[in-house]
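Below, chain A is the first sequence line, B the second, and so on; all start at residue 1.
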Amino acid sequence: MSRYNFKDSEARWQAAWAAAPSYAAQDGDPRPKYYVLEMFPYPSGRIHMGHVRNYTIGDVIARYKRARGFNVLHPMGWDAFGLPAENAAMEKKVHPRTWTLENIATMRAQMKTMGLFIHWDRELATCLPDYYVEQQKLFLAFHRQGLVYRKKSWVNWDPVDMTVLANEQVIDGRGWRSGAPVERRELSQWFFKITQYNDELLSALDTLDRWPEKVRTMQRNWIGRSEGARVFWKLQGRDDSLEVFTTRPDTLFGASFCALSPGHPLTKELAAKDPALAAFVRQCEALGTSEATIETAEKLGYDTGLRAQHPLDATQSVPVYVANFVLMDYGTGAIFGCPAHDQRDLDFARKYGLAVIPVVAPAGQSPEERAAFVAKLATSDTTAFDGDGEAINSGFLDGLPVAAAIRSAIERLEAEGHGQGTVQWRLRDWGVSRQRYWGTPIPFVHCAKCGVLPVPEDQLPVELPEDVTFDRPGNPLDHHPTWKHTSCPGCGGAATRDTDTMDTFVDSSWYFLRFTSPHATEPFTRKAADYWMAVDQYIGGIEHAILHLLYSRFFTRALRDCGYLDIAEPFAGLFTQGMICHETYRDAEGQWLTPQEVTREGDRVSTLDGRPVTVGRVEKMSKSKKNVVDPERIIAVYGADTARWFMLSDSPPDREMEWTESGIEGAWRFVNRLWRLVSEGGALAPAGQPLPDSLVADGASPAGAALRATHSAIAHIGEDLERFHFNKAVARVHELANTLAALKDDTAEIAWVRRFGVESIARLIAPMMPHLAEEIWAYLGGEGLLFDQPWPQADARFLDQGTVKIAVQVNGKLRATIDLPRDSDRAAAEAAALDNESVQRFLEGKVPRKVIVVPNRIVNVVV
RNA sequence: GCCCGUGUGGCGGAACUGGUAGACGCGACGGACUCAAAAUCCGUUUUCCGCGAGGAAGUGGGGGUUCGAGUCCCUCCACGGGCACCA
């Protein structure tokens with residue numbers, strides 16, 4: 001019994017493909033183009049299973065589309081700037097560049113063992129000057145176009161390490177290294193004007209019909225267009241007003257307080273004279289800048305003592321608080337609170353003893369019901385009412401439904417000069433400044449005389465200095481003894497470079513364009529971009545559903561407006577894959593164990609000390625829980641095809657998948673089973689023998705049925721791959737292999753079908769298990785490489801089954817199935833159903849009231 | 001807290017646009033081959049009742065729409081992703 005020798009086979013076929021004249025992606029080739037792209041990896045060290053899943057999916061699509069006659073582009077690169085390289089520099093005393101380039105070399109070699117059809121001649125790394133010089137040019141182009149500006153914004157500040165912290169580096173309000181409580185600090189930073197494209201980024205989502213609906217919904221909510229009003233509350237004892245934004249001006253008569261963000265200018269002014277308020281603001285700032293942290297923290301407020309006059313009723317006024325949950329970045333940084341109709345306001349009102357005034361009630365209530373509704377809102381165990389209804393206790397609004405009351409309130413506010421209707425967006429401009437070393441330097445110079453000036457293009461790139469140290473916290477570019485000192489491009493006098501680098505999301509917002517002409521001395525050539533863009537199929541993790549994809553959509557539009565492109569949308573098709581999970585294990589002490597440190601059979605014990613192991617939940621693979629499986633080991637033990645096959649089996653690719661050792665073994669068994677089916681599964685007809693006439697009409701014999709099963713598999717698997725239903729494609733290959741293996745005789749017909757069947761399997765599995773497919777193709781004496789063969793076509797003559805099984809229900813419960821010729825008419829189906837013995841029994845002699853017939857599917861008899 | 005998902009046998013999952021729930025795989029059990037084991041092959045496998053024919057229940061919980069609901073609606077629960085300086 002022969003085992004499939006993947007070690008020999010995989011290396012051999014990988015070399016053969018790379019040497020194939022047809023391998024490269026040809027600019028301007030007459031075939032229709034197809035650009036397949038997976039989100040490029042961060043070079044963290046070694047590839048992980050998430051990469052294997054991502055690149056397997058992409059490779060299936062690339063190879064499948066190639067077989068379908070497309071000129072496929074499938075490139076790979078490295079998202080190579082970022083925080084982990086600097087952390088490694090601090091911990092391991094290795095230069096970020098060295099660390100990154102070594103990781104790339106390791107990961108590239110690992111990926112090559114997967115047998116991916118990738119155009120390595122187009123490889124790029126964002127940390128290399130030949131990439132980031134072009135990015136600096138784009139930054140200057142955006143600046144000329146008015147899409148770049150500077151403003152102040154808040155960062156997390158570690159007062160001990162004297163450094164800016166990423167949100168990830170703030171743990172429970174403390175710096176991750178120093179342990180010091182963080183503060184918020186305001187810095188002057190660079191911004192991209194993404195909000196200029198609010199409308200377009202929102203409305204164009206409707207055109208992205210090959211994106212998952214969930215991603216479009218998430219982006220829609222993120223952009224967050226909402227209609228409402230700006231309302232001015234006159235501050236008593238002062239000359240100015242407090243401006244708040246609300247989507248519910250109809251609830252103004254229910255207002256019982258106003259609240260300012262801790263970062264609001266009025267807060268700052270008041271805190272300057274009120275030490276207690278200043279202390280409260282410091283307390284709020286200790287939360288850091290993360291919205292999740294701010295929104296989940298306990299709601300706290302501070303009464304400033306100011307009162308604001310009600311905009312619709314000058315006789316009323318409300319207290320002005322500073323509250324920790326009011327965001328400075330949304331609306332005006334101030335709100336009014338209507339506790340009866342907003343849960344957060346209600347919690348706040350109860351905590352600080354503020355009034356709860358119901359101003360909306362369900363329509364159509366009796367006076368008693370209305371009284372009970374109002375009374376209930378005053379009790380402490382009720383929730384706010386945010387449903388539709390009619391205005392009450394609201395003067396001129398009384399009786400109006402919510403939408404009409406909003407309109408009416410806005411009219412009145414505008415007429416009296418106390419506010420105006422407005423559209424508010426949640427999306428904020430994109431802050432791209434980072435106070436770090438390992439990123440693209442921002443090509444600007446600060447001059448005391450001339451201000452902030454762009455570096456002239458002929459002086460680009462502004463390269464990162466090599467000789468930097470990480471022995472003290474803060475930005476190494478700032479510490480560097482000489483790097484930042486330069487001359488002013490305006491006056492020639494002494495000036496300093498901007499020491500900020502760009503957010504790494506900038507790097508990933510245009511790399512897909514760079515792949516179209518990776519060696520150009522401009523960001524990309526117009527010709528190549530016009531030919532290859534947009535990306536036809538983009539594939540990556542759902543965790544990028546908002547930021548990366550939105551930034552790339554913005555970037556493409558900005559490039560269009562700078563004259564680089566005609567298109568607006570970078571990714572015509574998007575597929576988001578799920579995470580890879582694994583069981584977790586803990587030893588007797590509660591310490592995490594790796595899967596290899598646990599026995600697999602019977603009572604699970606540690607292979608280290610033989611003591612019992614607690615098997616925990618199936619969770620996302622992560623180093624911290626040690627539930628990771630190294631792809632390199634899997635590929636070494638089972639081969640790339642087996643790893644790829646298991647990745648595609650079982651779990652739909654957009655969902656989480658659980659990695660199991662038994663699953664990979666099952667895939668390995670199937671690889672060998674297929675190879676045996678081909679090499680020792682019985683007589684195969686010689687190549688090129690025509691289809692025996694005896695098989696055309698015969699659908700019932702084993703050979704005829706197997707022929708039809710093969711055509712059915714051909715018809716369905718292509719469709720499955722188009723729709724990313726890889727698990728179903730895998731199941732169909734299993735079924736076909738089972739059918740073929742069940743053919744026991746060696747008649748001429750069976751030998752013919754067997755040959756046709758295994759050859760078809762080779763073609764059908766080629767995108768998924770390319771090495772094995774190639775090996776089968778060669779074994780069968782196929783010409784050239786299967787890599788260059790077109791996708792098979794099903795013959796319609798063999799797809800129709802003739803009869804169909806129809807379910808018969810009585811009162812919706814299945815009672816029988818009947819066989820009928822396909823497309824039998826309703827009367828025939830009804831008659832056959834009523835004639836059925838089991839149906840008669842359940843009718844108990846009664847006359848059916850109604851009979852529902854769905855052709856070719858079901859008959860439901862209702863009594 | 002807010003936004004978006006997911007929930008089906010012992011397990012991963014299948015079920016096209018509301019029409020036979022459990023395809024395919026894993027595991028388990030029984031058998032064949034073998035001195036034995038591995039590998040391989042054959043069979044059984046949602047649960048409950050029944051010797052059997054057959055019947056009943058069943059897609060996270062509760063409610064609803066429908067001749068018919070895993071699929072649509074309401075509500076609750078659990079888990080996952082994102083929340084703008086992780087990538």
Side-chain angles (χ1 to χ4, degrees), chain A residues 1 3 39 41-42 44 79 81-84 155-156 164-170 189 212-215 217-222 224 289-297 299 325 329 343-344 347 426-436 503-505 508 541-548 550-551 576 578-579 581 617-620 646 649-652 654-658 660 662-663 665-667 669-670 672-673 676 719 723 725 727-728 730-735 738 741 805-817 838 849-852 854 857-863:
Chain A
M1 189 172 299
R3 276 221 169 184
M39 291 177 184
Y42 178 78
S44 53
D79 187 13
F81 274 137
L83 210 45
V155 295
N156 301 309
V164 177
L165 297 174
N167 284 336
E168 187 188 55
Q169 298 171 318
V170 178
Q189 311 224 58
E213 187 54 46
K214 64 178 168 186
V215 175
T217 305
M218 280 190 260
Q219 292 217 352
R220 236 173 245 128
N221 292 336
W222 185 262
T289 61
S290 153
E291 191 173 314
T293 311
I294 292 168
E295 295 259 2
T296 50
K299 309 290 174 273
F325 60 88
D329 289 319
Q343 189 58 45
R344 198 171 56 177
D347 296 341
R426 212 186 74 94
L427 183 65
R428 316 197 288 260
D429 276 336
W430 174 14
V432 297
S433 290
R434 298 293 181 269
Q435 294 69 43
R436 299 188 214 294
D503 180 5
T504 56
F505 273 123
S508 55
I542 184 67
E543 68 274 18
H544 293 292
I546 297 176
L547 292 178
H548 162 58
L550 191 62
Y551 290 149
T576 54
M579 311 249 179
C581 303
R617 292 193 321 166
V618 174
E619 294 191 60
K620 175 177 141 185
F646 178 52
S649 308
D650 295 354
S651 297
D654 53 346
R655 280 215 240 156
E656 285 180 353
M657 113 159 232
E658 186 191 347
T660 60
S662 59
E665 280 171 4
R669 274 201 299 274
F670 185 67
N672 285 292
R673 192 165 128 81
R676 275 197 313 275
E719 202 179 311
R723 296 165 62 183
H725 292 176
N727 52 327
K728 289 201 262 177
V730 165
R732 287 188 214 279
V733 173
H734 274 282
E735 280 178 301
N738 289 344
K805 263 201 173 17
I806 292 181
V808 183
Q809 300 178 332
V810 178
N811 286 334
K813 295 205 175 201
L814 182 71
R815 296 304 178 190
T817 58
S838 172
R849 273 198 294 133
K850 187 152 115 182
V851 179
I852 288 147
V854 182
R857 283 199 178 276
I858 201 165
V859 178
N860 189 8
V861 181
V862 187
V863 286

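No contact: A:Arg732 has no heavy atom under 4.0 Å from any strand. Nucleic acid contact class of A:Thr217 (heavy atoms, under 4.0 Å, all strands): sugar-phosphate only. Nucleic acid contact for A:Lys299: none, since no nucleic acid atom lies under 4.0 Å from a heavy atom of the residue. Base contact: A:Thr296 has a heavy atom under 4.0 Å from a base atom.
For the side-chain contact (heavy atoms from CB on, under 4.5 Å) criterion with A:Met579, the lone passing option out of A:Met657, A:Glu543, A:Arg655 is A:Glu543.
Rounded to a whole Å, the NZ atom of A:Lys728 is 7 Å from the P atom of B:A14. Counting to the nearest Å, the P atom of B:G27 and the CZ atom of A:Phe646 are 11 Å from each other. We find that CD of A:Glu665 is positioned 11 Å from C1' of B:C26, with the value rounded to whole Å. Atom CG of A:Asp654 and atom C1' of B:G12 are 14 Å apart (whole Å). Between the P atom of B:C41 and the CZ atom of A:Phe670 lies a distance of 11 Å, rounded to the nearest Å. The nearest whole Å value for the distance from the CD atom in A:Glu658 to the C1' atom in B:C26 is 10 Å.
Between A:Arg655 and B:G7, a side-chain N or O to OP1/OP2 separation shorter than 4.0 Å is present. Residue A:Lys214 places no side-chain N or O under 4.0 Å from the OP1 or OP2 atom of B:C3. An OP1 or OP2 oxygen of B:A14 is reached within less than 4.0 angstrom by a side-chain nitrogen or oxygen of A:Asn727. Between A:Arg220 and the phosphate of B:C3, there is no side-chain N or O to OP1/OP2 separation shorter than 4.0 Å. Within the structure, every side-chain polar atom (N or O) of A:Arg344 is placed at least 4.0 Å from both OP1 and OP2 of B:C2.
Two residues, A:Ala807 and A:Ser651, neighbour RNA chain B, and the one matched to the more 5' nucleotide by heavy-atom proximity is A:Ser651.
A stem is defined here as three or more consecutive Watson-Crick or G-U pairs, each with both distances under 3.5 Å; for RNA chain B these stems are B:1-7 with B:77-83, B:10-12 with B:24-26, B:27-32 with B:40-45, B:46-49 with B:54-57, B:60-64 with B:72-76.
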### Task
Run the numbers on A:Glu213 and A:Arg220 for salt bridge (charged side-chain N to carboxylate O under 4.0 Å, His left out), then give the verdict.
CA-CA 10 Å; A:Glu213 187 54 46; A:Arg220 236 173 245 128; 3.4 Å; yes
## Note on the structure
Per-nucleotide protein contact along nucleotides 57-87 of chain B, 5' to 3', at a 4.0 Å heavy-atom cut-off (B base, S sugar-phosphate only, - neither), is S---------BS----------SSSSBBBBB
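B:G30 takes the anti form, because its glycosidic angle lies more than 90° either side of 0.
Distances were taken from every side-chain heavy atom of A:Asn738 (C-beta onward) to each of B:G13, B:G19, B:C24; the shortest belongs to B:C24.
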